[in-house]
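Everything below concerns the one structure shown next.
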Amino acid sequence: MRLSRIAVLGGGPAGLYFGYLWKRRHPEDHVDVFEQNPEGATWGFGVVFSDKALDFLRADDPETADAVSARMETWRDITLVHRGERVVLDGVGFSAVGRLDFITQLTERARSAGANLRFGSVVRSVDELAGYDLIVAADGVNSLVRRTYEGDFKTSLSYDDNKFAWYGTTKRFETLTQTFVESEFGSFNAHHYRYSPTMSTFIVECDRATWLRAGFAEKTEEEGRAICEKVFADTLEGHPLVNNKSIWRNFPWLWNDRWSHRNMVLVGDALHTAHFSIGSGTRLALEDVIALVNALDGEPRDLRRALEAYETARRPVVEKLVKAARTSAAWYERFAAHMKLAPLDFGHSYITRSGRIDDDQLRAMSPRFMARYDANSLVSSTSR
C-alpha cells in the first residue's frame with residue numbers, strides 16, 4: 001500500500017490536523033485538504049475541553065498541545081445558577097480557546113508541514129476525487145462522502161427535541177457556568193464560558209414548547225437574539241449577545257456502524273456526534289485522527305486492514321463517550337423538571353447526570369460542594 005496521494009474533505013480541526021500529522025510523518029506524500037469556505041471563515045465561538053482532554057494530544061504531539069494550551073483560558077470550577085443562587089462545583093476543570101484562533105493555529109501547522117490547503121474549494125461529487133489513494137471524510141454532519149454512501153456506512157441520524165442557539169458575548173465569565181431561568185415563555189438554560197480575555201460563548205437552550213411560545217419559529221435571527229438578551233438580562237449585565245449563524249436547531253445524533261468503505265474513511269462529526277454538554281466533540285475528532293494515522297502507519301501494506309484496525313482500536317472509546325453524552329443530553333431534555341429541585345439537590349443531579357460519577361468519587365473530586373451537599377442532606381433528614 002502506497003498512500004502517495006490523500007484527499008481530506010473538510011478544513012475544520014479534524015481535517016487540518018490530519019493534514020498536519022500525516023505530512024509531518026510522511027513529507028514525501030501529497031495531501032490536499034478541501035474546504036468549501038474561505039480561509040478565516042468559521043461558525044461558532046469557543047471550543048471547550050475538559051481538564052484532561054488535551055492529555056491524549058500531549059502524549060502523541062506535545063508541540064501542538066503546548067501551542068494550543070498557551071492560548072487557552074482555564075478554570076477549576078463549574079458554576080450553576082438556579083433560583084438566583086450560585087452553586088459551585090469545585091475540581092471540575094475545563095479549558096477553552098476561540099474556534100477561529102484554534103483553526104488558525106491548525107491551519108498554520110498544516111501549511112508549514114506541507115499540506116496543500118484548498119480553501120474555497122467545493123467538491124460536489126466523490127467522483128471528483130478519483131485518483132486519490134485515500135479519502136478522509138472530515139467534513140462534518142453533512143459529509144459528502146457519508147451522504148453518498150450512507151447504506152455502506154450504515155448511517156443512522158436522529159434529533160433531540162430541545163432547541164438551542166449558539167451565541168457569543170463580550171461578557172467575561174470566570175468559570176464554565178450553567179444559568180437556569182424561568183421566563184414568561186417557560187424555562188431556559190444558558191451554557192456560557194469565556195474563551196478569550198474579552199469574549200465568551202453563550203449557548204441558549206429550551207424545550208420545544210418554550211421555543212414555540214416565545215415565537216422563535218417566526219422570528220429573524222436578530223429578533224431571536226433580542227429575546228434571549230431579555231431572558232438573560234441579569235446574567236449578561238448589559239453586555240450584548242453576538243450572532244454568528246446563530247440559528248435555532250436541534251442537536252443531531254449521528255452514528256455510522258461502519259467506519260470505512262473502499263478507500264474512504266470517516267472521522268469526527270462525519271462519523272459520530274457527542275452532545276455539547278460534555279465538551280468532547282473536538283477532542284473526539286482529534287483523537288480519531290491520531291488513531292487513524294497510527295493505524296495507517298501500523299499496516300503500511302494493506303489499506304483495508306489499516307482501516308479495520310482504526311475502527312477496532314477506536315470504537316470502544318467512542319462508544320463509551322457517546323453513551324455518556326446521550327445520558328447527559330437526556331438530563332437536559334428534562335432540565336425544566338429538574339429545576340423543581342432545591343439548588344444543592346439540583347447541583348447534585350447535574351454533576352451525576354452522565355452516570356459516570358458516584359458520591360464517593362464526588363467527595364474526592366469536589367470536596368467543598370459535597371461538604372455543603374452532605375450537610376444540607378443531614379439537616380433535611382433530621383428535620384423530618
Side-chain angles (χ1 to χ4, degrees), residues 8 10-21 23-24 33-58 60-76 93-113 115 117-120 138-140 165-177 190-203 239-246 267-269 274 276 278-290:
V8 181
L16 291 169
Y17 191 57
F18 181 92
Y20 162 71
L21 203 56
K23 283 294 291 182
R24 192 187 70 169
V33 179
F34 297 89
E35 169 54 45
Q36 63 182 352
N37 293 313
E39 184 171 352
T42 186
W43 62 273
F45 295 91
V47 177
V48 67
F49 296 89
S50 63
D51 197 25
K52 297 182 179 179
L54 287 178
D55 287 352
F56 76 91
L57 187 59
R58 187 161 282 107
D60 282 81
D61 184 5
E63 184 180 339
T64 297
D66 289 343
V68 172
S69 297
R71 304 279 296 182
M72 284 184 158
E73 297 289 314
T74 62
W75 53 91
R76 293 296 307 161
F94 280 86
S95 300
V97 65
R99 180 176 172 83
L100 180 57
D101 188 353
F102 187 49
I103 288 178
T104 299
Q105 288 187 64
L106 292 178
T107 298
E108 292 171 352
R109 300 187 81 77
R111 184 173 281 137
S112 67
L117 307 184
R118 301 178 60 172
F119 289 100
D139 47 345
W166 209 295
Y167 297 100
T169 180
T170 53
K171 165 74 175 174
R172 174 186 169 93
F173 297 99
E174 292 307 311
T175 72
L176 188 153
T177 308
H191 312 236
H192 45 98
Y193 55 87
R194 71 181 189 276
Y195 62 84
S196 79
T198 58
M199 285 294 295
S200 297
T201 290
F202 202 95
I203 306 170
H239 289 262
L241 292 177
V242 179
N243 285 335
N244 183 356
K245 298 183 180 178
S246 302
V267 296
D269 283 352
F276 53 84
I278 68 168
S280 291
T282 302
R283 167 196 171 181
L284 283 171
L286 298 182
E287 285 182 329
D288 288 348
V289 167
I290 291 171

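This one's a predicted model, so the numbers in the text were calculated from it and none came from an experiment.
Using modelled atom types, one side-chain atom of Thr169 and one backbone atom of Pro240 make a donor-acceptor pair closer than 3.5 Å. Between the side chain of Arg118 and the main chain of Gln36, no donor-acceptor pair closer than 3.5 Å is present. A donor-acceptor contact shorter than 3.5 Å is absent between the side chain of Thr107 and the backbone of Gln105. In this structure, Thr201 contributes its side chain and Gly46 its backbone to a donor-acceptor pair below 3.5 Å.
In summary, the side chains of Asp101 and Tyr195 do not present any donor paired with an acceptor at a separation below 3.5 Å, with no hydrogens or angles considered.
Applying the side-chain hydrogen bond (donor to acceptor under 3.5 Å, both in side chains) rule to Asp60 yields no partners; only residues at least two apart in sequence or on another chain are considered. Applying the salt bridge (Lys or Arg N to Asp or Glu O under 4.0 Å) criterion to Asp269, with sequence neighbours excluded, gives no partner residue. Applying the side-chain contact (heavy atoms from CB on, under 4.5 Å) test to Ala285 and every residue at least two apart in sequence or in another chain returns Ala14.
In this structure, CD in Glu73 is found 13.0 Å from CG in Leu176, a value given to the nearest 0.5 Å. How far CZ of Phe102 is from CG of Leu286: 5.0 Å, rounded to the nearest 0.5 Å. With values rounded to the nearest 0.5 angstrom, Glu35 atom CD is found 8.0 Å from Ile103 atom CD1. Rounding to the nearest 0.5 Å gives a distance of 11.0 Å between CE of Met199 and NE2 of His239. Between the OG1 atom in Thr175 and the CZ atom in Arg76 there is a gap of 12.5 Å [rounded to 0.5 Å].
In terms of heavy-atom proximity, Gly19 sits nearest to Val33 at CA-CG2, 4.4 Å. The minimum heavy-atom distance linking Tyr193 with Val47 is given by the pair OH-N, 4.3 Å. Minimum interatomic distance between Asp61 and Tyr20 (heavy atoms only, all atoms of both residues): OD2-CE2, 3.3 Å. In this structure, Arg194 and Ser200 approach most closely via the heavy-atom pair CA-OG, 3.2 Å. Contact detail for Pro13 and Thr282: the closest heavy-atom pair is CB-CG2, 4.2 Å. Contact detail for Leu16 and Gly11: the closest heavy-atom pair is CD1-O, 3.2 Å.
Partner of His192 under the ring-ring contact (aromatic ring centres under 6.0 Å, His included) criterion, out of Phe45, Tyr167, Phe173, Trp166: Phe173 alone.
Within a 6.0 Å radius of CZ in Arg24, more than 12 heavy atoms belonging to other residues, nucleotides or ligands are found.
Between Val48 and Phe276, the closest side-chain pair of non-hydrogen atoms is not below 4.5 Å.
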- Test side chain to side chain contact (heavy atoms under 4.5 Å, CB included) applied to Met72 and Phe49, step by step: CA-CA 10 Å; Met72 284 184 158; Phe49 296 89; 3.1 Å; yes
- Task: Please lay out, stage by stage, how Thr104 and Glu39 fare under the test side chain to side chain contact (heavy atoms under 4.5 Å, CB included).
- Result: CA-CA 9 Å; Thr104 299; Glu39 184 171 352; over 6 Å; no
